[in-house]
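We number each residue from 1, following the sequence as shown. Quick note: numbers below take in every heavy atom, side chains included, and nothing from hydrogens, waters or symmetry partners.
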Amino acid sequence: MSAAAESAPSHTVSTSSRAARASSPKHPNRSRTKTANVASAVVLLVIAAAFSIPLLWVIFASLDVNATLAVKWPEKPSLDNYAAIWNTETTFRPIWNSIVLCGGATLVTIVCAALAAYPLSRYQSRAKRGFLLTIVFATGLPITAIMIPVYAMFVQVNLIDSMVGAILFLAASSLPYAIFLMKTFMDSVPKEIEESAWTEGASTMQTLWSIVLPLMRPGTAVVTIFTFVGMWGNFFVPFMLLLSPDKLPAAVSLYTFSSQYGQVAYGQLAAFSILYSLPVVVLYLLMGRRLGAGFVGAGGLKG
């Protein structure tokens, strides 16, 4: 009886201690985590607001005939700015030139990057490390530093004011970064898939175009988007290499909205900017499905 009496208070004490621990917060760091989440959300909202202000100005100014640099809703919204630029000379021809210039250069870049990245990814060589370091160095080289000798070379070979010459130079300037990205994505494709294709009689080029590239579609989509967007906003290269007004892309024709006296047609400029961004949006919509596809080559190893 005495032992039972002595054990009862201890059982009561242990029960009360458990209840106290249950009532107290199990994880003291939860409050800190919650505070950190709230603070990060506030910071992200501030950053989003800072980025949305220029976008709001573009939208509001495109609907305001008397637009200024102020971000405000127009008193009388209208589509007059779009009607003013809805013609071949101002909008359609420059945007078409941009599509031809950037699309052609992107196609050349993707093809050459795939051909250059394949041996870097699949074969071992003593010059591989040095070549990769050269590529990394070339990605950080500012294009303005080489435009003067490039312009002199283009004059000598008679490629000034040539759309083909501008396409080739844009492709060459984008190639180092594209090779670096393409090689990184190509490393994720198992070599066993190619070896099984070789046993069936496929050549190296057949395995590259029919097996490797289809399996790394998300990577190809990433390289395509980065390359095209980088060229789409490029002003300096077409400004230096293209002279005829009929060949100038939209990135250069933006200057037509500024007069020689410093006056700017902000409303028309905003409307043109919205139309100018549509091809990039369409590219994201077309390539966005491939970005979420992921790597699907693991199934090729079964059976």
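One distance of note links CG of Leu63 with CG of Asn81; it measures 8.0 Å at 0.5 Å rounding. Residue Thr227 holds its OG1 atom at 11.0 Å from CG of Leu107, rounded to the nearest 0.5 Å. Atom CE of Met186 is separated from atom OG1 of Thr184 by 10.0 Å, given to the nearest 0.5 angstrom. Annotation: the span from Ser174 atom OG to Ile110 atom CD1 amounts to 9.5 Å, rounded to 0.5 Å. Rounding to the nearest 0.5 Å gives a distance of 9.0 Å between OG of Ser62 and CH2 of Trp57. One distance of note links CG of Leu101 with CH2 of Trp232; it measures 9.5 Å at 0.5 Å rounding.
Heavy atoms of other residues, nucleotides or ligands lying less than 6.0 angstrom from CZ of Phe180 number 12 at most. Summarising the local packing, CD1 of Ile148 is surrounded by 12 or fewer heavy atoms from other residues, nucleotides or ligands at distances under 6.0 Å. A 6.0 Å sphere centred on CG of Asn37 holds more than 12 heavy atoms belonging to other residues, nucleotides or ligands.
Among all heavy-atom pairs drawn from Met182 and Ala114, the shortest one is CG-CA, 4.1 Å. Contact between Gly130 and Thr134 at its shortest, heavy atoms only, is O-OG1, 2.8 Å. Heavy atoms only, all atoms of each residue included: Pro54 and Phe51 are closest at CD-O, 3.3 Å. Of all heavy-atom pairs between Leu243 and Ile160, the closest is CD1-CG2, 3.6 Å. Val212 and Glu194 make their closest contact through CG2-CD, 3.6 Å (heavy atoms, listed as atom of the first residue, atom of the second, distance). Of all non-hydrogen atoms in Phe272 and Ser253, the two that sit nearest each other are CZ-OG, 3.8 Å.
Two residues are said to be in side-chain contact when any heavy atoms from C-beta on lie closer than 4.5 Å; Asp161 and Leu241 fail this criterion. Counting heavy atoms from C-beta on, the side chains of Lys72 and Phe60 never come closer than 4.5 Å. Residues Pro249 and Leu242 have side chains in contact (heavy-atom distance under 4.5 Å, counting atoms from C-beta outward). Two residues are said to be in side-chain contact when any heavy atoms from C-beta on lie closer than 4.5 Å; Arg122 and Thr204 fail this criterion. Using a 4.5 Å heavy-atom cutoff, the side chains of Thr220 and Phe185 are not in contact. Looking at Tyr266 and Asn66, their side chains never come closer than 4.5 Å, going by heavy atoms from C-beta outward.
Between the side chain of Ser277 and the backbone N or O of Ile274, at least one donor-acceptor pair lies under 3.5 Å. Ser210 places a side-chain N or O within donor-acceptor distance of the main-chain N or O of Gln206, the cut-off being under 3.5 Å.
For the pairing with Arg93, the side chain to side chain donor-acceptor pair (under 3.5 Å) check across Asn87, Thr88, Asp246 returns one residue only, Asp246. Results of the side chain to side chain contact (heavy atoms under 4.5 Å, CB included) test with Val252 over Pro238, Ser98, Pro94 single out Pro238 as the only residue that passes.
Ile85 and Val65 fall into different hydrophobic clusters, where Ile, Leu, Val, Met, Phe, Trp and Tyr are joined by side-chain heavy atoms under 4.5 Å apart, directly or via other members. In this structure, Met147 is not a member of the same hydrophobic cluster as Leu168, with clusters built from ILVMFWY side-chain heavy atoms closer than 4.5 Å. A single hydrophobic cluster is not seen to contain both Phe226 and Val281; linkage of ILVMFWY side chains at heavy-atom distances under 4.5 Å, directly or through other members, places them apart. Each of Leu133 and Leu181 belongs to its own hydrophobic cluster when Ile, Leu, Val, Met, Phe, Trp and Tyr are linked at side-chain heavy-atom distances under 4.5 angstrom. Hydrophobic clustering (ILVMFWY, side-chain heavy atoms < 4.5 Å, transitive): Leu45 and Val43 are in distinct clusters.
Under the 6.0 Å cut-off for aromatic ring centres, Tyr82 and Trp86 do not qualify, their centroids lying 6.0 Å or more apart.
By the 30° and 60° cut-offs, the orientation of the rings of Phe235 relative to Tyr255 is tilted.
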Exercise. Between Thr109 and Leu170, does a side chain to side chain contact (heavy atoms under 4.5 Å, CB included) hold up when you go through it step by step?
Worked result: CA-CA 9 Å; Thr109 301; Leu170 280 176; over 6 Å; no

Problem set entry | Worked verdict on Trp209 versus Val111 for side chain to side chain contact (heavy atoms under 4.5 Å, CB included) | CA-CA 10 Å; Trp209 298 114; Val111 173; 4.2 Å; yes

